[in-house]
Amino acid sequence: LQEAGRAYAEAVSLANTAHDRSALALALLQHGQTQMGLAQYRDARLLTEQALELYRQLNDAEGVALAMLQLGGIEVRLGHYEAAAQYAQDSLEGVALNSQIAAVAFGLLGWARALQGHYAEGVPLLERAVDYMGNIGDVQRRALLLRRRHWAELARGRYESAIELASRARDDFRSVGDARGEAQMDLGIGQARLAQGLYDEALELLKRAQESLHRVGDTHLEAEAQWLLGRTHTEMGQYQTAEKL
């Protein structure tokens, strides 16, 4: 992620020098995505808003929708679920409902609703998006959506179902070489094993996830891994280690 951030910052500079607004919009959007992965949400929002404005000036409806969906993703990370849902709904304006962008929007809307505890509304939207991405062979986005389905099952105490979804997502992430996504699913499976009281297995998975997330530079998720490791050690009665974590 840090390497990607440096590369996209250079791309933004080059596009500015060349006065290529289309390339600049894309570079800003992707740079914003990288900053979001690094948990630099203020920078991510600023870059994505700049991309959105450029796409509007270029009358690029697809670019506008993608930028709005990325802003929705930032709002989800910040816990602003209603704002995220609104971005998802707004991005559907003028977009064919059987398109890839619409599937991404339904996935974001379903995720926001699931995070609000509205599983009856959110899970079918997530499933619809998973099926679409599977049909068109978009493995990366399918993996992301499977991760979100995993979380919805985990939140409802359906641990074996959550683990099955996480394993599928991990396989997808591994197949496209996404180290961050693969580590995130180790994190999810570890959390499920912790909830089941299988502490040794949970520790192994969570440690592996924490080490991978440190390597890729995802501070937010690394902190989550440390917190879950602390919870596991607490359950095992190892309080000093838990407190440090």
Spatial distance of atom CZ (R148) from atom CG (L154) [nearest 0.5 Å]: 15.5 Å
Non-neighbouring partners of Q70 that pass side-chain contact (heavy atoms from CB on, under 4.5 Å), sequence neighbours left out: L29, Q33, M36, T48
pair L26-Y8: side-chain heavy atoms closer than 4.5 Å: no
Donor-acceptor list for residues 86-94 side chains, cut-off 3.5 Å, not counting sequence neighbours:
| unit_1 | atom_1 | unit_2 | atom_2 | d |
| --- | --- | --- | --- | --- |
| Q86 | NE2 | D90 | OD1 | 2.9 |
| S91 | OG | A88 | O | 2.7 |

Residues L228, E224; criterion side chain to side chain contact (heavy atoms under 4.5 Å, CB included); working and verdict: CA-CA 6 Å; L228 287 167; E224 185 174 341; 4.3 Å; yes
CA sep, side-chain torsions, deciding dist, call: Q184, D218, side chain to side chain contact (heavy atoms under 4.5 Å, CB included): CA-CA 10 Å; Q184 199 167 9; D218 193 319; over 6 Å; no
Atom CD of Q196 with >12 non-hydrogen neighbours under 6.0 angstrom: yes
Shortest non-hydrogen contact between G190 and A202, atoms and distance: O-CB, 3.5 Å
Residues which pass side chain to side chain donor-acceptor pair (under 3.5 Å) with E82, listed by chain and number, not counting sequence neighbours: R113, Q116
Side chain proximity check, V12 to L24, heavy atoms < 4.5 angstrom: yes
Closest non-hydrogen atom pair, G72 against L108: CA-CD2, 3.9 Å
Test log, rule side chain to side chain contact (heavy atoms under 4.5 Å, CB included), inputs M133 and V104: CA-CA 9 Å; M133 296 307 171; V104 175; 3.5 Å; yes
Backbone N/O of A9 and side chain of S13: donor-acceptor pair under 3.5 Å: no
Closest non-hydrogen atom pair between A65 and V95, with its separation: CB-CG2, 4.3 Å
L187 and L205: CA distance, side-chain angles, deciding distance, side chain to side chain contact (heavy atoms under 4.5 Å, CB included) verdict: CA-CA 7 Å; L187 197 69; L205 287 158; over 6 Å; no
Euclidean distance, L38 CG relative to R180 CZ, rounded to 0.5 Å: 9.0 Å
CG on D172 to OG on S167, rounded to 0.5 Å: 11.5 Å
Over all atoms of both residues, closest heavy-atom pair of A84 and A112: CB-CB, 4.3 Å
Between S212 and R215, a side-chain donor and acceptor under 3.5 Å: yes
V76-L146 co-clustered via ILVMFWY side chain contacts under 4.5 Å: yes
Residues that R147 engages under salt bridge (Lys or Arg N to Asp or Glu O under 4.0 Å), provided they are two or more places apart: none
ring-ring contact (aromatic ring centres under 6.0 Å, His included) partners of residues 140-160, not counting sequence neighbours, each pair once: W111-W151
Pair H220-Y41, side-chain donor/acceptor within less than 3.5 Å: yes
Any residue meeting side-chain contact (heavy atoms from CB on, under 4.5 Å) with D131, in chain and number order, not counting sequence neighbours: none
Hydrophobic cluster membership, V130 vs L115, 4.5 Å side-chain cutoff: yes
Atom pair CD1 (I189) and CD (E201), whose distance is rounded to the nearest 0.5 Å: 8.5 Å
All side-chain contact (heavy atoms from CB on, under 4.5 Å) counterparts of Q140, not counting sequence neighbours: D138, F173, V176, D178
Which residues share a salt bridge (Lys or Arg N to Asp or Glu O under 4.0 Å) with R45, sequence neighbours left out: E75
Shared hydrophobic cluster, Y119 / F106 (ILVMFWY, side-chain heavy atoms < 4.5 Å): no
Minimum-distance pair of heavy atoms, taken over all atoms of L28 and L54: CD1-CD1, 3.7 Å
I163-L198 co-clustered via ILVMFWY side chain contacts under 4.5 Å: no
Any pair counted as salt bridge (charged side-chain N to carboxylate O under 4.0 Å, His left out), so long as it reaches residues 154-164, sequence neighbours left out: E153-R156, E153-R158, E160-R193
Side-chain donor/acceptor pairs under 3.5 Å, residues 238-245, sequence neighbours excluded:
| unit_1 | atom_1 | unit_2 | atom_2 | d |
| --- | --- | --- | --- | --- |
| Q238 | OE1 | H233 | ND1 | 2.5 |

Heavy-atom side-chain contact between T219 and Q40 under 4.5 Å: no
ILVMFWY network linking L194 to L229, side-chain heavy atoms under 4.5 angstrom: yes
Where Q2 and G217 come nearest, the two heavy atoms and their spacing: NE2-CA, 4.4 Å
Residues R168 and D171 bridged, charged N to O under 4.0 Å: no
Residues which pass side chain to side chain donor-acceptor pair (under 3.5 Å) with E49, listed by chain and number, not counting sequence neighbours: none
Sequence-distant partners of E62, side-chain contact (heavy atoms from CB on, under 4.5 Å), two or more places apart: D60, L66, I101
From H214 atom NE2 to Q210 atom CD, the distance as rounded to the nearest 0.5 Å: 7.5 Å
Spatial distance of atom CD (E204) from atom OG1 (T232) [nearest 0.5 Å]: 12.5 Å
